[in-house]
Amino acid sequence: MYYYCTSEEKTHFLCGNGSKNELREMLISVALGQVLSLLVCGIGLTSKYLAEDFHANTPVFQSFLNYILLFLVYTTTLAVRQGEENLLAILRRRWWKYMILGLIDLEANYLVVKAYQYTTLTSVQLLDCFVIPVVILLSWFFLLIRYKAVHFIGIVVCILGMGCMVGADVLVGRHQGAGENKLVGDLLVLGGATLYGISNVWEESIIRTLSRVEFLGMIGLFGAFFSGIQLAIMEHKELLKVPWDWQIGLLYVGFSACMFGLYSFMPVVIKKTSATSVNLSLLTADLYSLFCGLFLFHYKFSGLYILSFITMLIGLVLYSSTSTYIAQDPRVYKQFRNPSGPVSDLSSTAQVEPSVTYTSLGQETEEEPHVRVA
């Protein structure tokens with residue numbers, strides 16, 4: 001059941017059918033984000049074992065394995081489809097867009113992993129938060145998403161929780177890395193975070209207007225192509241140095257499984273929530289890795305870690321407690337279909353006043369929204 005405001009208000013609201021449903025949707029959104037965060041934790045742990053215990057520094061090869069899996073599952077699915085959703089039909093219309101997106105996605109992963117060789121763990125953790133303002137700005141200008149005060153409060157609380165975790169790392173003397181060329185490493189992190197933000201917002205746009213399978217299939221196609229070239233040029237010597245055995249093979253399988261799960265599941269969560277909400281959720285991945293490290297790597301414990309985790313969850317709950325809304329020019333309303341009647345057309349001579357459309361990004365409905373234009 002939806003409530004329609006009067007024409008004098010110049011807006012319409014899509015409201016939930018009760019506080020219980022809203023609470024359930026909010027908790028589901030937070031829980032889905034934490035599933036993604038756990039997958040990122042698995043990616044980090046397997047990468048740490050490969051790099052530190054087996055001296056396998058192969059970030060491009062690891063990305064290549066993930067893109068090959070995406071290609072085998074999703075690109076082949078597009079290839080056997082008929083009509084406008086067929087792989088060749090998509091390539092004819094949008095090949096250059098997906099080529100750029102595939103390159104952005106690959107280099108975002110590469111830059112952040114590479115940064116660990118130059119700067120400290122603390123710098124990577126702090127500067128990686130730069131992805132959040134990037135996603136907010138891009139969502140504001142390109143997706144026309146508008147935020148309320150509670151969203152900004154939730155974002156600030158999440159970042160405070162992240163700062164608390166970094167402070168705990170410093171106090172307990174957690175290993176920070178070499179940091180031999182800190183400026184280069186910091187710039188790599190900022191570049192990677194910016195590319196992540198672009199990739200995530202572009203992904204949200206595609207899955208809302210096209211489809212999840214199309215996005216993953218084209219990312220698999222162009223990601224495999226570009227990562228294969230980069231692997232052959234930059235990393236083939238490192239790959240030959242890897243001391244292959246069953247343990248290393250198992251770590252590569254674990255990494256690929258977590259990465260494939262992250263890529264496959266993230267569009268589902270983004271469509272239900274938003275790119276901003278997903279990136280806030282991923283802030284807790286470092287804490288999950290740290291909690292695992294208490295047992296696996298004998299990290300020192302600090303009560304600030306618990307405080308940091310609780311603070312981040314509070315921020316996520318605050319952010320998810322209310323819906324964002326989308327600002328739209330009323331002239332685009334005629335593009336919507338009205339199931340119960342004809343669509344109101346706007347006279348070319350009529351004066352058009354600015355308006356906003358409030359839509360929930362946290363709840364999917366089977367019925368398309370009715371649109372009323374003043």
Side-chain angles (χ1 to χ4, degrees), residues 43 59-79 81 84-115 127-128 130-145 187-235 259-260 262-271 274-276 278-279 282:
I43 292 168
V60 178
F61 176 66
Q62 290 166 229
S63 295
F64 178 72
L65 292 176
N66 172 56
Y67 290 128
I68 288 295
L69 287 175
L70 293 175
F71 177 87
L72 293 174
V73 175
Y74 297 105
T75 309
T76 53
T77 300
L78 293 176
R81 284 183 172 180
E84 293 300 310
E85 295 184 347
N86 179 263
L87 176 63
L88 294 179
I90 295 170
L91 285 173
R92 281 196 296 267
R93 295 194 305 271
R94 295 183 285 272
W95 67 270
W96 63 273
K97 295 180 181 179
Y98 286 116
M99 182 181 71
I100 296 173
L101 181 56
L103 189 59
I104 288 173
D105 188 76
L106 170 64
E107 298 308 322
N109 291 322
Y110 178 77
L111 289 178
V112 173
V113 173
K114 194 71 175 176
L127 294 176
D128 201 33
F130 185 68
V131 68
I132 294 172
V134 171
V135 169
I136 291 174
L137 288 174
L138 292 177
S139 298
W140 182 284
F141 288 108
F142 293 101
L143 301 183
L144 302 180
I145 293 177
L187 291 176
L188 289 174
V189 177
L190 290 175
T194 301
L195 293 179
Y196 271 133
I198 295 171
S199 176
N200 289 164
V201 173
W202 204 338
E203 177 180 352
E204 180 174 355
S205 175
I206 290 171
I207 62 177
R208 291 191 186 282
T209 57
L210 297 170
S211 76
R212 165 180 169 269
V213 174
E214 177 176 327
F215 168 77
L216 293 173
M218 300 309 289
I219 281 290
L221 175 63
F222 287 104
F225 176 74
F226 286 119
S227 61
I229 294 175
Q230 191 166 339
L231 173 63
I233 296 173
M234 301 177 60
E235 212 172 78
M259 199 72 157
F260 179 78
L262 178 68
Y263 270 70
S264 298
F265 191 48
M266 183 178 283
V268 177
V269 184
I270 287 180
K271 189 171 183 178
S274 68
T276 305
V278 165
N279 279 281
L282 294 183

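Scope of the values below: all heavy atoms of this structure, side chains included, with no hydrogens, waters or symmetry mates.
Rounding to the nearest 0.5 angstrom, the gap separating the CD1 atom in Ile198 from the CZ atom in Phe142 is 9.0 Å. How far CG of Leu103 is from OG of Ser199: 11.0 Å, rounded to the nearest 0.5 Å. Taking OG of Ser227 as the start and CD of Glu107 as the end, the distance is 9.5 Å to the nearest 0.5 Å. Rounding to the nearest 0.5 Å places CG of Leu106 at 13.5 Å from CZ of Phe222. The CZ atom of Phe265 sits 13.5 Å away from atom CZ of Phe260, with the distance rounded to the nearest 0.5 Å. Note that CZ of Arg81 and CG of Leu88 are 14.0 Å apart. Values are rounded to the nearest 0.5 Å.
Under the salt bridge (Lys or Arg N to Asp or Glu O under 4.0 Å) criterion, Glu214 pairs with Arg94, sequence neighbours left out. Every residue meeting the salt bridge (Lys or Arg N to Asp or Glu O under 4.0 Å) condition with Arg93, not counting sequence neighbours, appears here in chain and number order: Glu84.
The side-chain hydrogen bond (donor to acceptor under 3.5 Å, both in side chains) pairs that include a residue from residues 131-142 number zero, where partners must be two or more places apart or lie in different chains.
Without hydrogens or angle criteria, Arg208 side chain to Ile270 main chain gives a donor-acceptor distance under 3.5 Å. The main-chain N or O of Ala275 is never found under 3.5 Å from a side-chain atom of Asn200 such that the two would form a donor-acceptor pair.
Between Ser274 and Glu204, some side-chain heavy-atom pair lies under the 4.5 Å cut-off. Looking only at side-chain heavy atoms (C-beta outward), Tyr67 and Ile219 come within less than 4.5 Å of each other. A heavy-atom distance below 4.5 Å is found between the side chains of Leu87 and Met218. Counting heavy atoms from C-beta on, the side chains of Trp202 and Lys97 come closer than 4.5 Å. Inter-residue side-chain proximity for Leu101 and Glu203 is flagged as unmet; no heavy-atom pair is nearer than 4.5 Å. Looking at Val60 and Met234, their side chains never come closer than 4.5 Å, going by heavy atoms from C-beta outward. By the 4.5 Å heavy-atom criterion applied to side chains, Leu70 and Thr75 are not counted as neighbours. With contacts defined as side-chain heavy-atom distances shorter than 4.5 Å, the pair Arg212/Ser264 qualifies.
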Open item on the list: Evaluate Tyr98 against Ile90 for side chain to side chain contact (heavy atoms under 4.5 Å, CB included), listing each step before the verdict.
Closed with: CA-CA 10 Å; Tyr98 286 116; Ile90 295 170; 4.0 Å; yes

Open item on the list: Go through it in stages, so that I can follow the logic: the residues are Leu188 and Val112, the test is side chain to side chain contact (heavy atoms under 4.5 Å, CB included), and I'd like the CA-CA distance, side-chain angles, deciding distance and then a yes or no.
Closed with: CA-CA 6 Å; Leu188 289 174; Val112 173; over 6 Å; no

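Nearest heavy atom pair, residue Ala224 against residue Ile68, reads CB-CD1, 4.0 Å. Residue Leu143 comes nearest to Ser205 through the heavy atom pair CD2-CB, 3.7 Å, listed as atom of the first residue, atom of the second, then distance. The two residues Ser63 and Asn109 make their nearest non-hydrogen contact at OG-CB, 4.1 Å. The two residues Ala108 and Gly192 make their nearest non-hydrogen contact at CB-O, 3.9 Å. Of all heavy-atom pairs between Val131 and Gly197, the closest is CG2-N, 3.6 Å.
Other residues, nucleotides and ligands contribute at most 12 non-hydrogen atoms within 6.0 Å of the CZ atom of Phe225. Counted within 6.0 Å of OH on Tyr263, heavy atoms from surrounding residues, nucleotides or ligands total more than 12; the atom is thus considered enclosed.
Looking at Leu78, Asn86, Leu221 one by one, the single match for side-chain contact (heavy atoms from CB on, under 4.5 Å) with Leu91 turns out to be Leu221.
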